[in-house]
Engineer: 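Here's a structure for you.
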Amino acid sequence: MHASSADRRARYGWVLLYPEEGHSNNQTQMRYQTQFLLSAVDAAHFPSPTVPEIAFLGRSNVGKSSFLNALVGEKAAKVSQTPGRTRAINFFALLDQRQQPRLLFADLPGYGYAKISKSISAGWPKFIEPYLAQRETLKLCICLVDSNVPPQQSDGQLFDWLRHAGREFVVVATKIDRLSGNERTRNLLAIRNAFDLDEVLPVSAKTGAGVKEFWNRLQAQES
Ligand code: GDP
């Protein structure tokens, strides 16, 4: 049985750390530090489930590493791009001022080049689907889609699966800097309509657009 979203929220209160409001326009000034923890290729190696966790998912090439760079800093994110780690779940800890982990980020392998199949994890390592179904501390999934390409069936499959599993997710549209204002509006609407979403958060790792709004959106999840 899956715990309902409400159950999960009750059990795992938010301890979200986000860029200091009004502190500076410089988005690199955060109140936390990030630390690469480990790469896991099976469930036995996941970090112990203690603090709330946020998973990042998306098709290969969607811009996930670039977005994570923008969130956790290039040095931390780079580790997960080293050979052998792109098929693993890479865990990062967000540390508070006392160097205690307050939140974990889980960077999942890219998907999307496998043929459509019943399993969302076709072409994914076998432990990914159980991770999404069973990880107790998983609080929220961040699903990245490319704002420059039409809605993809593999993304729709993932969203259907997450809904079915009772997992909360937020959809982030990447590479928004490549689009003009009109294209942006049109493409974001197409994504919302195709996947029946209430909201899509536009971001650009290149310009930093939407990064602060992304943190604010996570903060809003708390309430
Ligand atoms: P991943 O496979 O999902 O980790 O994708 P990457 O982060 O490696 O990005 C894939 C490609 O998209 C690379 O060529 C990036 O330079 C490019 N890219 C990623 N994010 C952005 C963005 O915000 N704007 C633009 N213009 N290109 C981006």
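We count ligands from 1, going down the list as the structure has it; atoms in each ligand are counted the same way. For this chain, numbers begin at 1 and follow the sequence in order.
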Engineer: Apply side chain to side chain donor-acceptor pair (under 3.5 Å) to Ser66 and list each qualifying residue two or more places apart in sequence or on a separate chain.
Structural biologist: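 Ser66: no side chain to side chain donor-acceptor pair (under 3.5 Å) contacts found.
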Engineer: Show me which atoms of ligand 1 lie under 4.0 Å from any heavy atom of Ser66.
Structural biologist: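 By the 4.0 Å cutoff, the relevant atoms are 6 (P), 7 (O), 9 (O), 19 (C), 20 (N).
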Engineer: Pull out every atom of ligand 1 sitting under 4.0 Å from any heavy atom of Ser65, numbered as shown with elements.
Structural biologist: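 Listed by number with element: 1 (P), 4 (O), 7 (O), 8 (O).
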Engineer: Applying side chain to side chain contact (heavy atoms under 4.5 Å, CB included), can you list everything that pairs with Pro47, at least two apart in sequence or on another chain?
Structural biologist: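 Side chain to side chain contact (heavy atoms under 4.5 Å, CB included) check on Pro47 returns Leu37, Leu38, Phe91, Leu104, Arg135.
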Engineer: Should we count CG of Asn182 as having more than 12 external heavy atoms under 6.0 Å?
Structural biologist: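 No, the 6.0 Å shell around CG holds no more than 12 heavy atoms from other groups.
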Engineer: Would you say Ala205 and ligand 1 have an N/O pair spaced under 3.5 Å apart?
Structural biologist: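 In this structure, Ala205 places an N or O atom under 3.5 Å from an N or O of ligand 1.
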Engineer: Is Gly63 close to ligand 1, meaning an N/O of one under 3.5 Å from an N/O of the other?
Structural biologist: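 Yes, since at least one N or O of Gly63 sits under 3.5 Å from an N or O of ligand 1.
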Engineer: Check Glu199 with Arg217, please: is the shortest side-chain N to carboxylate O separation under 4.0 Å?
Structural biologist: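 Yes, charged N to carboxylate O under 4.0 Å.
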Engineer: Given Arg59, Lys64, Arg178, Lys206, identify the one with the heavy atom nearest to atom 27 (N) of ligand 1.
Structural biologist: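 Looking at heavy atoms only, Arg178 sits closest to atom 27 (N) of ligand 1.
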Engineer: Which one holds for Asp177 and ligand 1: side chain close, backbone close, both close, or neither close, with close meaning a heavy atom under 4.0 Å?
Structural biologist: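 For Asp177, the contact with ligand 1 is made by the side chain alone.
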Engineer: Hey, are the side chains of Trp161 and Leu132 touching, using non-hydrogen atoms and a 4.5 Å cut-off?
Structural biologist: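 Of all side-chain heavy-atom pairs linking Leu132 with Trp161, at least one is under 4.5 Å.
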Engineer: Are any of the side-chain nitrogens in Arg59 or Asp146 under 4.0 Å away from the carboxylate oxygens of its partner?
Structural biologist: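 Salt bridge flag = no for Asp146 with Arg59.
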Engineer: Looking at ligand 1, does Gly110 have a heavy atom less than 4.0 Å from it?
Structural biologist: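 Heavy atoms of Gly110 never come under 4.0 Å of ligand 1.
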Engineer: Does ligand 1 have an atom under 4.0 Å from some heavy atom of Asn61?
Structural biologist: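 Contact check Asn61 vs ligand 1: positive.
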